[in-house]
Amino acid sequence: MPISCLALAPVPRAMASSSSSPLTRAHRASTSTSSVAAALLASASPIPPRRFIQLHAHLLRTGLLIFSPVTTTSAFLSLAAVSLPSHRALAVLDHHLTTPHYLPSTFQCNSILRALSDPSDALRFLCRVRALGRRGNAFTLAILLKPRCSLAHARQLHANVVAEGHLRDALLATSLMRCYANRGDGDGARKLFDEMPVRDAVAWNVLITCYARNRRTKDALKLFEEMRGKDSESEPDDVTCILLLQACSSLGALDFGEQVWAYAEEHGYGGELKVRNSLITMYLRCGCVDKAYRVFSGTPQKSVVTWTAMISGLAANGFGNDAISVFEEMIRSDVAPDEQTFTGVLSACSHSGLVDEGFRFFDMMRCEYGLKPNVRHYGCIVDLMGRAGLLDEAYEFVTNEMKVAPDATIWRTLLGACRIHGHVDLGERVIGNLIELKAQQAGDYVLLLNTYAAVGEWSKVSEIRKLMQEEGIQTTPGCTTVEHNGTVHEFIADDDAHPRKVEIYENLSEIYKQLRIAGYVPNVSSELHDLDSEGKESALTYHSEKLAIAFALLVTPQHRPIRLAKNLRVCVDCHNFTKMFSAIYRRIVIVRDRTRFHHFQGGKCSCNDYW
DNA sequence: GTAGGGTTAG
């Protein structure tokens, strides 16, 4: 409301008293200015700090503030809280709280609290009124629960919630849980959860979200059982299913994901689009392309999310042409693709080496759909050029043609291409750019090291190794996991920790024997140390993938695919090894590594960039 | 009597 309109606004009842009190006299003395003041107080909308100071002076001069009832003072303080910077507002509040006759009601305290933008100032104000004997209620605490409040703040409010007996207020307690979750304190959220007398499904869901987002994915899955247990008052709902399916996606926990899906169907959530979309993603992130496609086909009302999930999943699994077919079908079905759809389509092109198609879709995205490419789209184009061997062109593209600033991922993509093509000079320039961005990681040095190793520059290799040692850059040890009967088995190179290690090593040597007969030769360029070729060969023998395959062969029935998850990229030698293994042993092996899936079958792999 | 607050698909 513009200030000029306020002169006609009615004076609040509290100020328009008919007795001849000092308030009324002062009021009569300057009726028009006072009615503006009254309107400002009544509206409680922010005013510029200068105007606030004028108002303050006016109220003091006319005695309106000094002799005013509690309501006026509270309105004035609320106005201070919205109009002034938090700390200045607090000073005004403090001053008025020392006035002997002034004590705002709980309702008025809440209005003032709502107006204070800084949570710590709000808490300080609350302490002051508490000291004066005014108690808060559930609203007071809800107002103080700002979404991004600090952990200390959350703990203090938690204590208040307990002390004032508001644990039964499920909404209040869950928003407090959310504060812990936002700050990554899963234990704090759990403690509060355990204290709640009644936990509804939302409370469970908040806890699951908290665990899943704070790298406690397995704990998130455990909650599913707990939630269905006899001591729980609530049943998992559709949101629970979505959250659990997401957790299974990130863990690659296929069996668990299917249990969640069975539950969802039994309880009538099987037709919900969000649940189905999560299921499609889960299957794709576990490498089950067929099952994902079946669910996808059985989904009648596909949204852009459904299509994008399928396209991106096919792309990550190495089925670039299928991803493009699905994209074309999407266009025919009149569903408009968005930025994320194009990220999937472009990554399909880059992962499958479809250079011309990639550029065609990149143009389509801009010209036909008017979408602005983001850094991920550019990343796909750089990847596409890099894989096609157009390295200098890619560098030129990054430095001169991109409309957004290149991030570390863009440079890493290019570095990966330098590794594939053994382009040492460019690799050095690219790592220079990463250093400039202060974003270099151990993996980047390893890529550069690989590039030198690929062209046999062993002196450079040892130089980089020395540099890494001096700078204290730690490489992540390669680790491969296999899920068997719900237990995750973890392997690192030369592992001797597994209880079945004897069988595993015997099995691996038998596999080697069979593969050598079929013509397998170790690819020593993957080993980074400057060992003689015999030394390199033996270093490659017990890579974590190979140990995991030997174990999986022991425990996985013949008709089921062997599923592995690797924390880094699969090395060239393990890639060759697995290809041959899939042919000789007639097994499907699905490996999820840091960037994508590899489907090995009959001596071939779905990806095309290992040579 | 007023006022406030929770989870969810690519």
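Note on naming: letters A, B, ... go to the chains in the order of the sequence lines (proteins, then strands), and numbering restarts at 1 for each one.
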What I want to check is whether the side chains of A:Asp237 and A:Thr240 have a donor and an acceptor closer together than 3.5 Å. yes
Suppose we call a contact any N or O donor and acceptor under 3.5 Å apart; does that hold for the side chain of A:Asp200 and the base of B:dG6? yes
Does A:Ser175 contact B:dG6 through a side-chain donor or acceptor facing the base, at a distance under 3.5 Å? no
Can you measure [X] atom [atom1] to [N] atom [atom2] for me and round it to whole angstrom units?
| X | N | atom1 | atom2 | answer |
| --- | --- | --- | --- | --- |
| A:Leu192 | B:dG6 | CG | C1' | 12 Å |
| A:Asn110 | B:dA3 | CG | P | 12 Å |
| A:Leu176 | B:dT7 | CG | P | 13 Å |
| A:Leu141 | B:dG6 | CG | C1' | 15 Å |
| A:His166 | B:dA3 | NE2 | C1' | 14 Å |
| A:Leu157 | B:dG4 | CG | P | 17 Å |
| A:Arg213 | B:dA9 | CZ | P | 8 Å |
| A:Trp204 | B:dT7 | CH2 | P | 18 Å |

Take atom CZ in A:Arg412; do more than 12 heavy atoms of anything else shown fall under 6.0 Å from it? yes
Answer yes or no: does atom CD of A:Glu266 have more than 12 heavy-atom neighbours from other residues, nucleotides or ligands under 6.0 Å? yes
N-O pairing of A:Arg596 and A:Asp593 below 4.0 Å: no
Touch class at under 4.0 angstrom, heavy-atom based, for [X] against every strand present:
| X | answer |
| --- | --- |
| A:Gln246 | sugar-phosphate |
| A:Ala203 | base |
| A:Asp338 | base |
| A:Val304 | base |
| A:Leu172 | base |
| A:Thr240 | nothing |

Choose from [options] the nucleotide whose nearest atom is closest to any side-chain atom of [X].
| X | options | result |
| --- | --- | --- |
| A:Asn205 | B:dT7, B:dG6, B:dA9 | B:dT7 |
| A:Asn277 | B:dA3, B:dA9, B:dG6 | B:dA9 |
| A:Thr281 | B:dG6, B:dA3, B:dG10 | B:dG10 |
| A:Ala138 | B:dG4, B:dA9, B:dG6 | B:dG4 |
| A:Val305 | B:dA9, B:dG6, B:dG4 | B:dA9 |
| A:Val239 | B:dG10, B:dG6, B:dT7 | B:dT7 |
| A:Lys274 | B:dG6, B:dG4, B:dA9 | B:dA9 |

Check the phosphate of B:dT8 against A:Arg276, side-chain N and O only, distance under 4.0 Å to OP1 or OP2. Yes or no? no
Distance test, side-chain N/O of A:Gln340 to OP1/OP2 of B:dA9, below 4.0 Å: no
Okay, side chain of A:Gln108, backbone of A:Ser105: is any donor-acceptor separation there less than 3.5 Å? yes
Taken to the nearest 0.5 Å, the spacing of A:Tyr378 OH from A:Ile410 CD1 works out to 9.5 Å
With centres under 5.5 Å and planes under 30°, do A:Phe139 and B:dG4 count as stacked? no
